[in-house]
Every structure is written in C-alpha cells, then in structure tokens.
Amino acid sequence: MPEDPGDGQSEDVSFGSLDHDWVLRFVEHRVGDPRLISLIRRWLKAGVLEDGAVHPSEQGTPQGGSISVLLSNLYLHYVLDLWFERVVKGRLRGEARLVRYIDDFVICFQYRSDAIRVQEALRLRLGKFGLTLEPTKTKLVEFGRFAQRHAGKRGRNRPETIYFLGLTLYCTRNRKGNFKVGMRTEKSRLKRSLLSLQELMRRIRHYKISDQVAEINRVLRGHYAYYGVAGNLRSLIKVYQVVERYWRRMLCSRSRDGGRLSWGTFNQIKERNPLLRPKLRLPHRDLQALAVL
C-alpha cells in the first residue's frame, strides 16, 4: 500500500428526531405480521410521562424504552450499514471499514480524501432520515501506521487519539516495533468509575466485611469484564489499587484502635476476604483472532 496515513471518523448519532414512518417501513421489510407492526406503532406514539402529564411523541424513541435499542439498531442498519457497504465503499479510492455499536461508530479510511468526501455525504444521508451527527463527538483523526511520522510534521508530539465506547484508542508499537492500536480506559470514564466505587464503599461501610467485599467485587467484576481488553491492564490495576487504599481507609475509620489499621492486619483481612484482582477478559491472542475475522 502507498504511504498515506489512515484516517478515522469517530461519530455519534442523535436519535431524538428519528422518523417513525421510516422505522415502521424498516420493520415491515423484516416482519410480515401486521399485529406486531401495529403494536410498535402504538408504542412509538405512546408519548412520555413527565410531571404527571403525558406528552405525545411524534419522533424519536423513548429513552429507556424496552425496544429502543433494538429499533435504533435496525434503523441504522438500513440507513448507515447497508448504505456504506453497497454504495460508499465501491466509490472510494482506497480501503474503508465501518465499526458500529448502536449509535456510536468509527469509519476507517486508507486515504484522507475519501474521509472528507464521505463526511459530507454522511451528513446528507443521515439528514434524509431525520438523523444528525453529534458535533461534540464527531471528528476527523489521522490514525495508523504513518500517523506518528506525520504528527511531527504537523507540530504534534504524538498522533491524535480516538474515543470509542469508553476507551481511548491510540497509536503505539509492539515489542517487535510494528504498529498496533493501543487501548486504555478513557480518562473521564475512569474517574467516573472510581467515584462510583468510592460512593459504594461509603454506603456499605457499616456492612460486615464479607458483605462489603461481595459488593465491591460485584462492581469490580463488571468493570474488568468491560474494560479488560489487551493493553489496558494498567488502568485495571489503578482501579484495584484505589479501591484497596480506600477500603483500608474505610476500615481504619471503624477500627477500635483509634483509626489505625496496619498493612499487616489489613493483608490478613484481604486473605480471608480477597478483593477481585484485575484480569483481561480479551487478551492479545483473542483480540488478534477477532481482527482476523
């Protein structure tokens, strides 16, 4: 391939103006039961209860609705996924790939010129179906094997990063010096997780120690399961260490020794009631296997 930097567009779609007629047309393309179509139509038009009053809904899907995510996925399948595969890719100069999860997606291009062309076409395409791009979450980023070299030419110390699904994607290299995509927990998400864990520990400070650990481990297990991707072990360890320190401080405040609890005593407590240690749920070998697929 020629030495042209890969570019990525990180996008987020607003579903507040999702067109009900288009939703029903897309559903009818897959579902032939008129009773189900009628049920979905009534659900879309049901409105939202706010301050004791029902406000009619003429567009969009109710937040937290039982099938909002399903309908949103179906909507973007026809509006975006099929359009990109069947219309866009055949008209590009280089390679391109779309990665989407519900309303968050990243489009990767081999050539910057293709990215710029598609950016405008994408706005027009979404506008046709009553959708808009979230401006604060939409940007064009130079990313890939040659991004480091070009970053220096543009006065930057390192290439730009991409934020996707709570992770920061950045350009790095493996031990052999080859390019790879690095991933770490996005800073605001990491801070939010730590604050949530600290708030949990404040609420359960008077629980039995075994019950405290059970609650803390429940949250840690979910955090590791989501953010436990290859390359992100350092962020997981940071969460574990912060939880460990804060838990010890909490136990000190309720100890009989005037707020003192030695690390030796604390380690004995941990041996009997261990905190869940960080673990990658998607290590390098599994991540590489997904990349091949």
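Sequential numbering from 1 along the given sequence is applied to the chain's residues.
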Given 3.5 Å as the limit, does a donor-acceptor pair link the side chain of [X] with the main chain of [Y], or not?
| X | Y | value |
| --- | --- | --- |
| Y170 | R158 | no |
| E95 | Q110 | no |
| N273 | D211 | no |
| R117 | R91 | yes |
| Q212 | R205 | yes |

ask   = Within 45° of the axis and under 6.0 Å from the centre of the six-membered ring of Y240, does NZ or CZ of R277 qualify?
value =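 The answer is yes; both the distance and angle limits are met.
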Heavy-atom check, side chain of V79 versus side chain of W83, under 4.5 Å =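 No, every pair of side-chain atoms sits at 4.5 Å or beyond.
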ask   = Does the side chain of L80 come within less than 4.5 Å of R125's, by heavy atoms?
value =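 Contact flag for R125/L80 side chains = no.
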key: Criterion side-chain hydrogen bond (donor to acceptor under 3.5 Å, both in side chains) against S188, the qualifying member of K191, R192, E186   =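 Exactly one candidate clears the test, E186.
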message = Strictly below 4.0 Å, N to O, side chains only: are K89 and E85 in salt-bridge contact?
response =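 Looking at E85 together with K89, the answer is yes, because their closest N to O distance falls below 4.0 Å.
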R202 and E199 ion-paired at < 4.0 Å =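 Judged by the 4.0 Å cut-off on N to carboxylate O distance, R202 and E199 do form a salt bridge.
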inquiry  = To the nearest 0.5 Å, what is the distance between OG1 on T168 and NZ on K187?
reply    =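 These two atoms lie 8.0 Å from each other.
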ask   = Can Y227 and R189 be counted as having a side-chain donor-acceptor contact under 3.5 angstrom?
value =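 On atom types as modelled, these side chains qualify, holding a pair under 3.5 Å.
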key: Aromatic ring pairing Y78/F26, orientation class (parallel under 30°, perpendicular over 60°, tilted between)   =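 It falls in the parallel class, under 30°.
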inquiry  = Would E215 and R218 count as a salt bridge (Lys or Arg N to Asp or Glu O under 4.0 Å) here? Give the steps.
reply    = CA-CA 5 Å; E215 287 294 315; R218 176 182 58 82; 3.0 Å; yes
